[in-house]
Amino acid sequence: MNRTTLSLLAAATALAAITGLASMTGDSDSDAKSGPGGKRAAAAARMPVERSALVCPAPTSSELGETTYTAYTPQAPGQGGGKGAAELLPAHPADDGGGDGEARDGDRGEGDALTGDPVVPLTKPGTPVSENTSRSDAPALIGVADGALAPGWTVQQTTTVTAGDGRGLLGASCVAPGTDFWFPGVSTAGDRQDYVHLTNPDNSQAVVDLELYGENGRLEAPSGESINIPPHSTKPVLLSTLVSKPTINVTLHAAVRSGRIGASVQAVDANIGSDWLPAAAPPGTRAVLPGIPKDATSVRLVAYATGSGDADLKIQLSNPSGSLTPAGHEKVSVKTRMTSAIDLGDLTKGEPGSLVLTPQGSGSAPFVAALRVTRGKGDQQETAFIPASAPIESRGTVADNRSKGSTLSLTAPDEAATVRVTSSAGSEGGSPASREVTVKAGTTLALDPPRPDGAKGSYAVTVERLDGGPVYASRLLEVEAGGMPMFTIQGLPDDRGTVAVPRGNQDLSLLNDD
C-alpha cells in the first residue's frame, strides 16, 4: 500500500472519530461506482455533524445600546428528541502584549478555561431561545453545540443603538472559527471607525496578520503583523491605527499564522450609521451579492483581486423580472492585489435585486467583493453591508426575525430552483409554518417569511433547497428606534450541517492510481 493510500486511511479514520461514528455499514452494488480495473467504490455517506463552534463579537460599547441574542438549531426530519447541548460563554479580554506573536507575562495560558453564565443555552432543536442585554461592556462569546443541537446551530446578535456616532441596527450572525477572512469595504478614513474583532476559541494562542489593500496595492501597516490572541480571548483592533494615511475603500485580509479565530468588522460611520461587515465568501471567479433593498438610495461595490491576474468583471443586476446590465455600470476592472470601488447609485429603481459578478471575456482571476448599501436621505440615512455569499447547497438559517420587518431575498442566477421556507415556532410560543417557493432562473425574489401560527417572540427562518440550480439568500431586518428607520442584512450561506463520511467498505486506493 503506498504512502498516499496510508494518508487517506488516516484521514478517513480521523473523520469517523470526529463525527462520532462507531461503525459504518456497507453499500449494496446498486449504490457503488466502478473504479479502475473493474473495482467497486462505495459512495460517501452524508452524516450530521456532531459538534459545531461559533464566535460572537462584543456587540457595542455604547451606553445607548440594546442587544438581543437568539440561538436556534433546525429540526431535521427524523431527528426526534436526540440529546445535545449548545451554549456560549464570555471570552476573556486579551492582554495587550504587543504584536510580534510571542507570549508575554500576563498572556493567558493553555489552562485558562471559559467561565461565567452561559448565554442563550439551547436544550432542543426546533425552538429558538432569546436573551437581551443593555450592557455597554457585554463580552464577546465563544460557544460549542454538540449532539442533536450541532447540525445547523445558528446564533444571531442584533444591537440597536439609538443615538451617537454608532447609532443604527447592527446585525451579525455569529461565525465559525477559521484561518482566512476577507473584508472588502473597510475604511481608515476620518469619518469611519472600523474595528476588526479577533476572537480565539481554542486552548492555545493564535497569531494573526492584518493586511490592508487600497487602490494602489498593499498599505504599510507593520503593527498589523503577528498579532497575538491568547487562548479563549478577544481583541478589537481599530484599523485606522495600523496605517499612517486615511484611506477609503480598503480590503482587509485577516490571515492566521497559527491557530484559528473568529473575525468580524464593526463599521461605524459618523454620518450614515453603523453595522457589522461580515467576511465575504472565499475568493472565486464569480460572486453573488444577494438582497439589495428596493428602496436603496446608494450602492457602492468594492472588489479586490486576490490572485496574480487582473479581474475584469461583468456587472449584472438580478431583479424580479430577470437579469440586466445597469446602464453606465457594465463592468469593473480590478487590478491584481488592488482594491477597486464603483458607486452604482440607486440601481434597483424601486425593485429588490442582487448583484452578480462574472468574468468579462476570457479572464477568470479570483476576487472578493462586498456592497455598502444606504437607505434614506439627509440625516435619516442608514447603512448596511452585503458581502459576496456562498450558495445554499442544502439548508441555511437566520435567527431573530420579528413580527414585522423581516424580508427574505432569494436569488437563482443560473437556473430555476425550488426551496422550502420554514419559519420556526416563536421563542415564547407558537408553531412552525412553511411554504414552497420557486425562484425563476436569473431572478431575485423578495418575500415575507411565512408567519408562525400563534407566534410569540422572535423566530428563525430556514431555507432548504429542494431542486434546481444554486440558490443564494439573505434576510433584511428593519426596525424603527428613536424615530429613525434602521436596517441590517444577513446572508444565509449553507449551514454545513452534514459532512461526507467514506463508507466502511470503500477501497480508498481508488482515490489514487499511483
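Considering only heavy atoms from C-beta on, Pro450 comes within 4.5 Å of Val421 through its side chain. Two residues are said to be in side-chain contact when any heavy atoms from C-beta on lie closer than 4.5 Å; Trp153 and Leu54 meet this criterion. The shortest side-chain heavy-atom distance between Leu355 and Leu371 falls under the 4.5 Å cut-off. Under the 4.5 Å side-chain criterion, counting only non-hydrogen atoms from C-beta, Leu252 is in contact with Leu239. Between Val243 and Glu220, every side-chain heavy-atom pair lies at or beyond the 4.5 Å cut-off. For the pair Leu170/Thr158, no side-chain contact is recorded, criterion being any heavy-atom separation below 4.5 Å from C-beta on. The side-chain heavy atoms of Asp312 and Pro359, taken from C-beta on, include no pair separated by under 4.5 Å.
When atom types are taken as modelled, the side chain of Lys235 and the backbone of Asn228 share a donor-acceptor pair closer than 3.5 angstrom. The main-chain N or O of Gly442 is found under 3.5 Å from a side-chain atom of Ser318 such that the two form a donor-acceptor pair. Between the side chain of Gln157 and the main chain of Pro57, a donor-acceptor pair closer than 3.5 Å is present. Without hydrogens or angle criteria, Ser240 side chain to Thr188 main chain gives no donor-acceptor distance under 3.5 Å. The main-chain N or O of Tyr459 is found under 3.5 Å from a side-chain atom of Asn401 such that the two form a donor-acceptor pair. Put simply, the side chain of Asn319 never gets that close to the backbone of Ser323: no donor and acceptor are under 3.5 Å apart. Checking side-chain atoms of Thr411 against main-chain N and O of Pro413 turns up no donor-acceptor pair under 3.5 Å. Listed for the Ser434 side chain is no donor-acceptor partner under 3.5 Å among the backbone atoms of Thr422. Using modelled atom types, no side-chain atom of Thr462 and backbone atom of Thr397 make a donor-acceptor pair closer than 3.5 Å. Although no hydrogens or angles enter the test, the distance criterion places a donor-acceptor pair under 3.5 Å between the side chain of Thr297 and the main chain of Thr374.
In this structure, CG in Leu301 is found 9.0 Å from OG in Ser340, a value given to the nearest 0.5 Å. Note: Arg46 CZ to Thr498 OG1 = 3.5 Å, rounded to the nearest 0.5 Å. To the nearest 0.5 Å, atom OG of residue Ser333 and atom CE of residue Met338 are 12.5 Å apart. The distance from the CD atom of Glu464 to the CG atom of Asp495 is 9.5 Å, given to the nearest 0.5 Å. To the nearest 0.5 Å, the span separating CG on Leu324 from CD on Gln316 amounts to 8.0 Å.
Applying the salt bridge (Lys or Arg N to Asp or Glu O under 4.0 Å) criterion to Glu382, with sequence neighbours excluded, gives Arg167. Residues meeting the side-chain hydrogen bond (donor to acceptor under 3.5 Å, both in side chains) test with Arg192, sequence neighbours left out: Asp194. Partners of Arg375 by side-chain hydrogen bond (donor to acceptor under 3.5 Å, both in side chains), not counting sequence neighbours, listed by chain and number: Asp295, Glu478. Shown here are the ring pair (Phe, Tyr, Trp, His ring centres under 6.0 Å) partners of Trp276, two or more places apart in sequence or in another chain: His197. Here Asp180 pairs with nothing under the salt bridge (Lys or Arg N to Asp or Glu O under 4.0 Å) rule; sequence neighbours left out. Shown here are the salt bridge (Lys or Arg N to Asp or Glu O under 4.0 Å) partners of Asp346, two or more places apart in sequence or in another chain: Lys349. Residues that satisfy the side chain to side chain contact (heavy atoms under 4.5 Å, CB included) test with Ser474, not counting sequence neighbours, are Pro290, Ser409, Ile489. Scanning for side-chain hydrogen bond (donor to acceptor under 3.5 Å, both in side chains) contacts around Arg465 gives an empty result, with sequence neighbours left out. Residues meeting the side-chain hydrogen bond (donor to acceptor under 3.5 Å, both in side chains) test with Asp146, sequence neighbours left out: none. For Tyr304, the ring pair (Phe, Tyr, Trp, His ring centres under 6.0 Å) test picks out Trp182, Tyr213, with sequence neighbours left out. Partners of Asp191 according to the salt bridge (Lys or Arg N to Asp or Glu O under 4.0 Å) rule, which considers only residues two or more places apart in sequence or in another chain, do not exist here.
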Could you give me the CA-CA distance, side-chain angles and deciding distance for Leu410 and Thr444, then say whether side chain to side chain contact (heavy atoms under 4.5 Å, CB included) is met?
-> CA-CA 6 Å; Leu410 303 170; Thr444 291; over 6 Å; no
Can Arg395 and Asp494 be said to form a salt bridge (charged side-chain N to carboxylate O under 4.0 Å, His left out), step by step?
-> CA-CA 5 Å; Arg395 182 183 67 181; Asp494 194 86; over 6 Å; no
Let me see the working for Ser364 and Thr285 under side chain to side chain donor-acceptor pair (under 3.5 Å), right down to the final yes or no.
-> CA-CA 5 Å; Ser364 57; Thr285 57; 5.7 Å; no
Take Thr443 and Val439 through the test side chain to side chain contact (heavy atoms under 4.5 Å, CB included) and record every step on the way to the result.
-> CA-CA 7 Å; Thr443 69; Val439 188; 3.7 Å; yes
Carefully, step by step, assess Thr336 and Asp310 under the rule side chain to side chain donor-acceptor pair (under 3.5 Å).
-> CA-CA 5 Å; Thr336 178; Asp310 299 343; 5.1 Å; no
Can you check side chain to side chain contact (heavy atoms under 4.5 Å, CB included) on Leu141 and Tyr69, steps first, answer last?
-> CA-CA 11 Å; Leu141 302 173; Tyr69 297 100; 3.6 Å; yes
Begin with the C-alpha distance, continue with both residues' side-chain angles, and end with the deciding distance and a verdict on side chain to side chain contact (heavy atoms under 4.5 Å, CB included) for Asp202 and Arg260.
-> CA-CA 8 Å; Asp202 296 326; Arg260 60 177 188 160; 2.8 Å; yes
Can you check side chain to side chain donor-acceptor pair (under 3.5 Å) on Thr488 and Gln490, steps first, answer last?
-> CA-CA 7 Å; Thr488 185; Gln490 279 72 56; 2.8 Å; yes
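There is a side-chain donor-acceptor pair under 3.5 Å between Arg300 and Asn249. Residues Thr199 and Thr234 have side chains that bring a donor and an acceptor to within less than 3.5 angstrom of each other. A donor-acceptor contact under 3.5 angstrom links the side chains of Arg257 and Ser226, judged on distance only. Looking at Thr251 and Thr339, their side chains do bring a donor and an acceptor atom within 3.5 Å of each other.
Pairs passing the salt bridge (Lys or Arg N to Asp or Glu O under 4.0 Å) check and including a residue from residues 266-294, sequence neighbours excluded, read Arg286-Asp414.
Enclosure of atom CD in Glu330 by more than 12 non-hydrogen atoms of other residues, nucleotides or ligands within 6.0 angstrom is indicated. Taking a 6.0 Å sphere around CD of Glu415, one finds it holds more than 12 heavy atoms contributed by other residues, nucleotides or ligands.
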